[in-house]
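This report refers to the structure that appears directly beneath it.
Bear in mind the structure is a predicted one, so any value in this text is a computation, not a measurement. Naming convention: chains lettered A, B, ... in sequence-line order (proteins, then strands); numbering from 1 in each chain.
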Number of protein chains: 2
Amino acid sequence: MVDQVRRFNRIVTERVGALDDHFLGGERPLGEARLLWEIGLGGCELRRLRARLGLDSGYTSRLLHSLEADGLVKVSAGREDRRVRVASLTPAGRHERAALDRRSDELARSLLAPLGSGQRERLLTAMHDVERLLSAGAAQITGVDPEHPDAQYCLSEYVAELNRRSERGFDPSVGATALPHEVRPPAGEFFVVYLHGEPVGCGAVKHHPDAPAEIKRMWIAPSVRGLGLGRRLLERLEACARDGGARIAHIETSSVLVEAIALYRRTGWVEVHAFNDEPFADLWLEKALG
Amino acid sequence: MVDQVRRFNRIVTERVGALDDHFLGGERPLGEARLLWEIGLGGCELRRLRARLGLDSGYTSRLLHSLEADGLVKVSAGREDRRVRVASLTPAGRHERAALDRRSDELARSLLAPLGSGQRERLLTAMHDVERLLSAGAAQITGVDPEHPDAQYCLSEYVAELNRRSERGFDPSVGATALPHEVRPPAGEFFVVYLHGEPVGCGAVKHHPDAPAEIKRMWIAPSVRGLGLGRRLLERLEACARDGGARIAHIETSSVLVEAIALYRRTGWVEVHAFNDEPFADLWLEKALG
DNA sequence: CAGGTTCTCTGACTAAAGTCAGAGAATGTC
DNA sequence: GACATTCTCTGACTTTAGTCAGAGAACCTG
């Protein structure tokens, strides 16, 4: 297994990485080119640039000066906070960035060129899989305030999906609720799954002293299903319930959520009698927390 | 399409490339680490090292000196030719190389770690596909003397495979032959397909003035089938026949070679009456060369 | 054995990449 | 308004990476 991964790493850094450097670099040193690219068309704060590229602040400053001297970039003070500075591209800078873009396209095409259409198809599918699964590894699950915009976004998507999938509308304010104060420490906790900084899933735990903890509002964005994020999220939620002192966890759910139910069953959840009267639910599950 | 490739390149250079550098690098600068690795357990000639890593001779010399100063490498004169020098690892060098190995393994494991077994499986399959198809792009088809060891190797594999596949033995010296002088310029040409410097396929053309050219001995190693190398080789052979003045090309083949026949049919070859009495053949094909 | 080749090394460079310790301005906090 | 914090810049570095022009030894060819 590890061997396969290493062979892959080798080929890919050779064929893609090395070429990438030369293609992208072109005239300009790599550092500058990457920076130019990363600034993007809309401009970008220096601290974000540094964070994304992992650069020293002095170094970044110098690189930007060099780009500014070439007339590609303009650095100006931020409007809200005048300590943070914002880099933005001049027309010449946009032009150069477009050239980088073209070279990147060429590189991509050069990888596809020697293949027939069948092989191309297969390569693209395989690349898609690798990309999704590798980035799944970079997903992060963090506790977040239930009223944070990312949490709210996930919740609204969750509700929208429930309504899309089932005949009867779902109203989160009726039945077994998960109001902000119920899923905020110390009463409970709300988690968001982030992928590349974007929220792509959520889940919450409601602690009940001396009674089973409840797991609620578990949702994974359709675009990232099949990457194992649901499993990881559920593990995290169970751990949270266990850390809160519960020996047993409860989930009530609806049979329209087939993927989620499959996951629950796979991971040791068993069906039990209804333990509440959530009108939307038609399946009640329970798990003993190791 | 190009977008998919670019997304892939981005993720992969980020997740694999960047990590790779730090993992591999460790204490030692990347250049030295790569060199140390590439020397291998059995030692290696400097010129091969340079060729494989694409380094300047002066630079290589200096890197090796630095490794030698650290007691990891010993450079000595070659035994056959004392101009070429051979680098080999000391016990300490082998030790350090093993550490690189371990780090590389760790990197690979860190990519797999966050995934469940199902995802792992899929990632590995996808990586395998990407690896094969990307490296297929790097394959090279070159004209080679039919008595060159690589050509001889391919021919023997070709004959072995025919014998393995069919009931009656195949004797290349009987029937429609392809003797060295018949497939060596100017009478014809012999091609070898190279992948990472290894011969993985062959094919030959026999020119006949004012008569159809013959395509012979076409073979692709089983390990690299499905990568489109056969198609590329056939294109090259047809081009060679056309450049030799032929308007029509002939192939005689055996129905046991199903993959090859599928390729021929896909690319415009049509069945015709037997145009020779090759005892082993049972299918005769022809194509008009654009 | 003379003369050309091949292979490697040395010295003398340059450019890119990156680090670190302050200095200085803008902002938040008590 | 004093004080700490945040964010960026400057100057003074180091380390990698890489290039180029010879010099010199070993080898091959006639």
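Spacing between atom CZ of A:Arg47 and atom P of D:dT6 amounts to 11 Å, rounded to whole angstrom units. The interatomic distance linking A:Leu30 (CG) with D:dA17 (P) rounds to 14 Å, in whole Å. One interatomic measurement links the two molecules: CD of A:Glu68 to P of D:dT8, which rounds to 14 Å at whole-angstrom precision. What separates CG of A:Leu63 from P of C:dA16 is a distance of 11 Å, to the nearest Å. With rounding to whole Å, A:Arg48 atom CZ is found 16 Å from D:dC7 atom C1'.
Picking from C:dA17, C:dT8, C:dT19 the nucleotide with the shortest atom distance to the side chain of A:Pro29 gives C:dA17. Residue B:Arg85 places its side chain closer to C:dC9 than to any other of C:dA17, C:dC9, D:dC9. Counting only heavy atoms from C-beta on, A:Leu46 has its side chain closest to D:dT8 among D:dT8, C:dC20, C:dT10.
Not counting sequence neighbours, the partners of A:Ala108 by the side-chain contact (heavy atoms from CB on, under 4.5 Å) test are B:Val2, B:Val5, B:Arg6. Evaluation of the side-chain contact (heavy atoms from CB on, under 4.5 Å) rule for B:Arg7 yields A:Glu131, B:Asp3, B:Gln4 as partners, not counting sequence neighbours. Judged as a side-chain hydrogen bond (donor to acceptor under 3.5 Å, both in side chains), and not counting sequence neighbours, the contacts of A:Arg52 are A:Glu38.
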Dump the intermediate steps for side-chain contact (heavy atoms from CB on, under 4.5 Å) on B:Trp219 and B:Glu157, then the final yes or no.
CA-CA 8 Å; B:Trp219 173 77; B:Glu157 288 294 307; 3.4 Å; yes
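Closest of all the heavy-atom pairs between A:Cys154 and A:Gly201 is SG-O, 3.6 Å. Between B:Glu32 and B:Leu67, the shortest heavy-atom contact is OE1-CD2, 3.8 Å.
A heavy-atom distance below 4.0 Å to DNA chain C is reached by these residues of residues 49-60 of chain A, ordered by number: A:Asp56, A:Tyr59.
The structure places CD1 of B:Ile220 at 9.0 Å from CG of B:Leu227, a figure rounded to the nearest 0.5 Å.
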Per-nucleotide protein contact string for nucleotides 25-30 of chain D, where B marks a base within reach and S marks sugar-phosphate only (heavy atoms under 4.0 Å, - for neither):
-BS---
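Pairs of residues two or more places apart, or lying in two chains, that qualify as side chain to side chain donor-acceptor pair (under 3.5 Å) and include a residue from residues 132-147 of chain A are A:Asp145-A:Arg184, A:Glu147-A:Arg184.
A donor-acceptor pair is defined here as one N or O able to donate and one able to accept, closer than 3.5 Å; no such pair exists between the side chain of A:His95 and the backbone of A:Pro91.
Between B:His65 and A:Arg62, the residue anchored closer to the 5' end of DNA chain C is B:His65, taking for each the nucleotide with the nearest heavy atom.
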